[in-house]
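Given the structure is predicted, the values throughout are model-derived calculations rather than measurements. Whatever order the structure lists them in is the order used to number ligands and atoms, beginning at 1.
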Amino acid sequence: MSDIAVTVTDENSITVQQLRKRYGGAQATEPSYAVDGVSFEVPKGQFITLVGPSGCGKTTTLRCIAGLEQPTEGRITIAGRVVFDGAGRRTVRTEDRPIAMVPQSYGIWPHMTVLENVAFPLRHGRNRKGQHDIRERALAMLDQVGLAAYAERWATQLSGGQQQRLSLARALIAEPEVLLLDEPLSNLDAKLRTRLRIELREFQERFGVTTVYVTHDQSEALALSDTVVLMNEGHVEQVDRPNRIYEQPQSSFAADFIGGANLIPVRSVTMRSDGLLAETDAGTLLCASENQAGPTSGGFVCVRPENVEVSARTSSAGTADGLNEITGKVTASEYLGDRLEFILDVQGVRLKAQTPASMGVRPGDEVTVRIEPSRARYLAS
Ligand SMILES: Nc1ncnc2c1ncn2[C@@H]1O[C@H](COP(=O)(O)OP(=O)(O)OP(=O)(O)O)[C@@H](O)[C@H]1O
Ligand SMILES: [Mg+2]
């Protein structure tokens, strides 16, 4: 579990400090906390994603920021203002928080036209406007999201992608400080999802709105975010930029959830001047070491499939002392157009590997497997 220091400054749009939520209020019958000590901060204008498996507490965290859920403990600030403080017993109502939320179902009103939907926050919200102003602003916003031509249609006559844009337009029209999005793309097909996530990021940058995005899809989190908050069972596992969380996962959970990884169980570990030597069932592996304290045991060597180098058995290439080069057998292979994916059996350990599609290796073949030490990471847990 990461211990993250959070600071409330003008640079941060949101800070969440030691947030805990147990459902059921004072008479709670729930055995554990849905959110259990979550802390993170979101600098102004940034796009941050809460990602993690189903039930890890993403929606609960988002709803606490929105004020739709009363936290059990902790402190939340939005735009420099305390909106919840468990110790100080302070709670700001949802309608008084400078936020807009897009729920998973878009929350579009079917009995209204597209124009009426987008204009709604200007009639009823914190930012009420005069009648003439409302129509003009609503039309301008629809134009920004490419829906001006549909203004007079019923909202139900829009496609899934258009409804998503409408819900975004309605969220942005009242110029919120913070935009909260809960799995807004999950109802769409894969192709549309990819297109709309690019569009979504463009809108977010154009409007400069600080965004908290919830998804259980790790590729969406990597593609969209400035910062990824990886959650697991109510706590924060790691907070990092997308490339760092992929390249330098801090735990086997992070390595496996973000991008998938080979996790080779370790029996014992010794430190060397050039790295960390791990004894595993798949042989002795030299790994990159980072601030690793003394000899230890247990843990895993983490290697991404694209870093498992596979060559035909005759190869004699390798490191000088023969480390990190092992013999294995191909047990399965899958042709994916641009690449081949393999399952290898390396002395009883199952490894996933990837090579260019041109490599002629088949199930049953004996191969040499090499793992570049700088691409192997030792994870203590
Ligand atoms: N209203 C509620 N009453 C009681 N328990 C709840 C309630 N809402 C959520 N929970 C529980 O809190 C935990 C976290 O739920 P939450 O909805 O935050 O998860 P999530 O990460 O958003 O999951 P998903 O990816 O499935 O949407 C779960 O164990 C869930 O069963
Ligand atoms: Mg959820």
Side-chain angles (χ1 to χ4, degrees), residues 1-2 4 14 16-40 42 47-76 78 83-84 86 91 93-94 97 99-108 160 163-164 167-168 171 178-190 193 196-197 200 211-225 227-240 242 245 251 253-254 256-260:
M1 187 185 312
S2 317
I4 295 141
I14 307 171
V16 173
Q17 292 162 287
Q18 289 303 321
L19 182 71
R20 298 182 92 198
K21 169 69 184 174
R22 181 154 65 179
Y23 283 104
Q27 291 83 42
T29 49
E30 293 294 319
S32 59
Y33 286 85
V35 171
D36 195 1
V38 162
S39 300
F40 60 88
V42 193
F47 195 116
I48 189 168
T49 299
L50 307 182
V51 67
S54 183
C56 72
K58 306 179 294 292
T59 296
T60 303
T61 303
L62 200 71
R63 287 175 59 83
C64 286
I65 296 172
L68 296 169
E69 214 63 77
Q70 174 85 359
T72 312
E73 288 169 41
R75 192 165 185 271
I76 300 172
I78 301 177
V83 293
F84 175 78
T91 306
R93 292 180 312 170
T94 298
R97 298 186 185 197
I99 56 147
M101 183 156 167
V102 177
Q104 189 167 336
S105 54
Y106 307 148
I108 285 168
Q163 289 190 20
Q164 200 254 1
S167 69
L168 207 58
V178 168
L179 183 61
L180 306 172
L181 303 162
D182 193 355
E183 310 239 13
L185 306 181
S186 61
N187 293 335
L188 308 170
D189 68 64
R193 215 160 49 220
L196 287 182
R197 82 179 180 212
L200 180 65
T211 301
V212 183
Y213 185 92
V214 162
T215 181
H216 60 268
D217 180 337
Q218 53 92 19
S219 56
E220 220 167 88
L222 292 180
L224 276 169
S225 325
T227 302
V228 177
V229 176
L230 175 61
M231 293 181 66
N232 182 23
E233 294 182 348
H235 69 262
V236 173
E237 193 81 19
Q238 189 169 346
V239 179
D240 247 320
I245 209 162
S251 62
F253 173 83
D256 193 42
F257 192 83
I258 305 285

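Taking any N or O of Lys58, backbone or side chain, at least one lies under 3.5 Å from an N or O belonging to ligand 1.
The heavy atom nearest to atom 22 (O) of ligand 1, considering only Thr59, Thr215, Thr60, Asp182, is found in Thr59. Taking all heavy atoms of Gly24, Ser32, Ala34 into account, the minimum distance to atom 12 (O) of ligand 1 is reached by Ala34.
Between Gly52 and ligand 1 there is no heavy-atom distance shorter than 4.0 Å.
In Glu233, the CD atom is not crowded: 12 or fewer heavy atoms of neighbouring residues, nucleotides or ligands sit closer than 6.0 Å.
Annotation for ligand 1: atoms under 4.0 Å from non-hydrogen atoms of Gly57 are 14 (C), 18 (O), 19 (O), 20 (P), 21 (O).
Across Val212, Ile78, Ile14, a single residue satisfies side-chain contact (heavy atoms from CB on, under 4.5 Å) together with Ile99, and that is Ile78.
In summary, an N, O or S atom of Thr59 is located under 2.8 Å from the Mg ion (ligand 2).
Atom-to-atom distance recorded for Met101:CE and Arg63:CZ is 6.0 Å, nearest 0.5 angstrom.
Although no hydrogens or angles enter the test, the distance criterion places no donor-acceptor pair under 3.5 Å between the side chain of Gln238 and the main chain of Leu230. No donor-acceptor distance shorter than 3.5 angstrom exists from the side chain of Thr227 to the backbone of Ile48, with no hydrogens or angles considered.
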